[in-house]
Amino acid sequence: MRGWWRDLTDLVLPAECGGCGRPRAVLCAECRAALCGAAPRRVRPVPEPWGLPVVHAAASYEDAVRAVLLAHKERGALGLAGPLGVALAEAVRAGLRGESGGRGDSGARSWVVGTHGGSQGRAVPLSLVPVPSARASVRARGHDPARRIALAAAGELRRRGIPARVLAVLRQRRAVADQSGLDLRQRQANLAGALEVSAGGGRLLADGGRIVVVDDLMTTGASLAEAARAVRERHMESSARAHAVRDPGTGVARRAVLGREDAICAAVVAASPDSFEINRN
């Protein structure tokens with residue numbers, strides 16, 4: 001109810017830019033350019049947590065971009081989910097293009113329509129798996145920011161001809177402390193084993209198609225690494241059962257065939273400025 005009321009309020013009341021406060025615009029042209037104007041790039045925190053997948057980010061977490069993300073997450077400016085979703089979709093596409101080696105949407109689309117992985121042209125949707133917020137945070141905010149942005153990003157991808165869906169299959173299986181003020185080692189200890197795939201989620205992950213773990217922000221990378229671990233463990237287990245190679249004589253499963261299409265990558269709207277240093281090497 002709270003999220004619905006905020007959506008209605010955004011429509012009927014005068015808005016101000018979530019980035020700079022300029023009136024009569026949910027997001028002004030200048031702040032939109034800061035969010036979506038640059039080409040997304042691969043990012044890597046230093047130090048890098050073990051198990052972190054390849055991550056692409058649309059923008060650096062500073063100035064207007066930081067203000068937009070905070071306005072959406074903490075102040076309930078739900079009208080910003082649309083442009084944030086566009087930015088996330090661009091980061092997702094950048095990651096898929098990088099893995100396919102192609103340019104433009106054709107490279108990204110090839111991963112999901114079967115020109116990779118031997119699916120013989122069968123359309124397989126791209127799965128966006130958002131990092132879940134703590135239940136207490138969702139109750140306090142009235143919405144789950146990463147999930148809302150992921151839904152907007154999936155819609156943007158579909159408009160660009162890339163079949164995409166959101167699989168909100170991750171959940172916290174134990175309480176975690178507030179991450180604010182924690183360094184990488186403390187965050188890793190705080191999050192270790194904290195996430196799991198919900199009942200029935202493994203079946204959805206095993207349906208095929210690329211999996212992209214998504215979030216609004218990457219700082220140390222600990223949350224993305226833990227989310228990827230949980231997805232990877234369940235996905236590998238389910239894929240191994242589904243794609244086991246059977247001995248032609250005995251019919252006994254010998255090993256699983258897990259190709260590049262089973263790999264997991266990640267995308268975020270923004271990342272800490274230092275994590276962009278990878279692009280200067």
Side-chain angles (χ1 to χ4, degrees), residues 19 33-70 72-74 84 87-101 108 128-134 137 145-146 149-150 153 170 172 176-195 210-233 235-236 260 263-281:
L35 179 65
C36 306
R41 293 185 289 172
R42 184 177 175 184
V43 290
R44 179 185 294 162
V46 178
E48 181 179 359
W50 185 89
L52 181 70
V54 172
V55 185
H56 282 77
S60 178
Y61 186 62
E62 55 189 349
D63 303 329
V65 174
R66 180 176 184 274
V68 169
L69 281 168
L70 289 176
H72 176 261
K73 176 182 285 186
E74 304 297 349
L84 288 168
L88 181 59
E90 289 298 312
V92 170
R93 290 171 58 232
L96 297 180
R97 285 196 302 268
E99 292 187 2
S100 68
L128 306 184
V129 179
V131 176
S133 298
S137 296
I149 296 172
L170 289 175
Q172 290 189 341
V176 297
D178 186 353
Q179 298 270 83
S180 301
L182 301 183
D183 60 21
L184 172 60
R185 181 174 296 180
Q186 292 168 329
R187 289 190 178 207
Q188 286 182 300
N190 185 41
L191 292 172
L195 298 181
R210 301 289 288 113
I211 296 174
V212 185
V213 177
V214 297
D215 206 352
D216 56 351
L217 173 66
M218 183 188 77
T219 50
T220 66
S223 296
L224 286 174
E226 170 60 16
R229 177 207 60 78
V231 171
R232 189 180 293 118
E233 287 184 0
H235 181 52
M236 293 287 282
R260 286 178 63 196
I264 297 170
C265 62
V268 295
V269 174
S272 58
D274 290 347
S275 66
F276 284 85
E277 294 294 325
I278 180 179
N279 299 284
R280 299 182 183 177
N281 295 334

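A donor-acceptor pair is defined here as one N or O able to donate and one able to accept, closer than 3.5 Å; no such pair exists between the side chain of Arg41 and the backbone of Ala94. Checked by atom type and distance alone, the side chain of Gln172 never pairs as donor or acceptor with a backbone atom of Pro132 at under 3.5 Å.
Pro45 has its side chain within reach of Leu52: a pair of non-hydrogen atoms, C-beta onward, lies under 4.5 Å apart. Side chains of Arg93 and Pro40 form no contact here, defined as non-hydrogen atoms less than 4.5 Å apart. The closest side-chain heavy-atom distance from Val43 to Met218 is below 4.5 Å.
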message: Applying side-chain contact (heavy atoms from CB on, under 4.5 Å) to Cys265 and Arg210, what does each step give before you reach the verdict?
response: CA-CA 9 Å; Cys265 62; Arg210 301 289 288 113; 4.0 Å; yes
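With rounding to the nearest 0.5 Å, the separation of CD1 in Ile149 from CG in Leu84 is 4.5 Å. Between the CG atom in Leu35 and the CD atom in Glu90 there is a gap of 10.5 Å [rounded to 0.5 Å]. Ile211 CD1 to Arg232 CZ: the interatomic distance, rounded to the nearest 0.5 Å, is 10.0 Å. Residue Leu96 holds its CG atom at 9.0 Å from NE2 of His56, rounded to the nearest 0.5 Å. The line from OG of Ser137 to CD of Glu74 is 8.0 Å long, rounded to the nearest 0.5 Å.
The heavy-atom pair separating Val212 from Ala267 by the smallest distance is CG1-N, 3.9 Å. Listed here is the closest heavy atom pair of Ala228 and Pro53: CB-CD, 3.8 Å. Minimum heavy-atom separation, Leu88 to Val214: CD2-CB, 4.0 Å. For the residue pair Val65 and Ala34, the shortest heavy atom distance occurs at CG2-O, 3.6 Å. When all heavy atoms of Glu62 and Pro273 are compared, the pair lying nearest together is OE1-CG, 3.9 Å. Scanning both residues, Ala150 and Leu128, for their nearest heavy atoms gives O-CD1, 3.8 Å.
The side chain to side chain contact (heavy atoms under 4.5 Å, CB included) search around Pro145 returns His72, Lys73, Ser133, Arg141, His143, Asp216, not counting sequence neighbours. For Glu48, the side chain to side chain donor-acceptor pair (under 3.5 Å) criterion is met by Arg44, not counting sequence neighbours. Residues passing the side chain to side chain contact (heavy atoms under 4.5 Å, CB included) test with Ala146, sequence neighbours excluded: Pro130, Asp144, Asp215.
Tested against Tyr61 for a side chain to side chain contact (heavy atoms under 4.5 Å, CB included), the candidates Val268, Leu70, Asp274 yield a single pass: Leu70.
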